[in-house]
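Structure incoming, see below.
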There are 2 protein chains.
Amino acid sequence: MEPECGLALSARKVEYLKFIFQTGGMVRTSEIASAFNVDPSTITKTLTELAAAEYIRHVPYHGVCLTKTGEQHAEFLVKRHRILSLMLVRNGLLPKDACSEASRFESQVTKKAVDRICHFMGHPRQSACGEITHDDDCLERGRGKQS
Amino acid sequence: MEPECGLALSARKVEYLKFIFQTGGMVRTSEIASAFNVDPSTITKTLTELAAAEYIRHVPYHGVCLTKTGEQHAEFLVKRHRILSLMLVRNGLLPKDACSEASRFESQVTKKAVDRICHFMGHPRQSACGEITHDDDCLERGRGKQS
DNA sequence: TAAAATTTTGGAGATACTCCAAAAAATAAG
DNA sequence: CTTATTTTTTGGAGTATCTCCAAAATTTTA
């Protein structure tokens, strides 16, 4: 499992990064805090860590935005969520349950696995939670690229 | 999510409990320690917690065995692992990858979801990692029992 | 019964969360 | 344009898990 296996971020950080990505542009501490119902000071601390890892740029007292790397990674995070949700729906779960189950465990699923599942499902464009976009990696890896 | 949603134990404790169940009878601290490559003192601490939660009986210096509750729960844990592994195999993963992915995230999947997936897959008896057994709960819930 | 192996205890550290109170900075109101 | 309000950050502290090491306790072996 290389650095880019998709397990680098905790479940919480995955949620925050997806939220920042989906909100778009400059996102304020208070927006994240109220979206997840946690104290703003908690958000500040986590944002500092995400900034140290260069997923986001943090302008103190003004907000955060994704770096190029952060944006690419967030795209993967959103796709992972949607592919896993879709797999669960296709295996008997209700859309809302699929979504909440996936949110709980998705941080533990590698990119390699996601790419394979995505390939197996025929690179679907729509899941229970929104559109799915596909990158080259996924298209290659799904066919059996090792590692 | 009631107490019995299947999220009560950490990933690590799930691993230990499955191991104790699959080893059977009285299991020694050192067996678990070497199986997972952690210090025996770490195992002792975790066993103390599992004993406090009444999943196991701990006879100091001699080992642990499952309680009735622990055995029932371990059956669920093993089944969950196998159902999820099978779902992954049926969605394009290689058996060994399916098994390791499932081990990483299974602790975050509810019993309700497992029962639904199991029902959807037709209550299969064989997965990549071994036999699958079915309980009444699963058979009912899979048909749409709420909560 | 003494030596060796196993297990437990106690101490300490890492990671990842969390909140609260107080200080700092930005924004809005007068 | 200065004061009051709101937002954000800092610092402190606490919880939960998981980890290892060294030393003590216990069991097993020789």
Residues forming a salt bridge (Lys or Arg N to Asp or Glu O under 4.0 Å) with Lys18(B), sequence neighbours excluded: Glu15(B), Glu106(B)

Rounded to whole Å, the CE-P distance (Met26(B) to dT28(D)) equals 11 Å

Suppose we screen for salt bridge (Lys or Arg N to Asp or Glu O under 4.0 Å). Which residues come up paired with Glu75(A), at least two apart in sequence or across chains? none

Distance, rounded to the nearest Å, where Ile32(B) contributes CD1 and dT6(C) contributes P: 15 Å

With a 4.5 Å limit on heavy-atom distance, are the side chains of Val27(A) and Leu66(A) in contact? no

SB check Glu4(B) Lys111(B) (cutoff 4.0 Å): no

Within the structure provided, determine whether Leu9(A) and Tyr55(A) are in side-chain contact (heavy-atom separation under 4.5 Å). yes

Could you run through nucleotides 8-24 of chain C and give me one letter per nucleotide, 5' to 3': B if any protein heavy atom sits under 4.0 Å from the base, S if only the sugar-phosphate is that close, - if neither? BBBB-----SBBB---B

Side-chain N or O of Arg28(B) closer than 4.0 Å to phosphate OP1/OP2 of dT7(C): yes

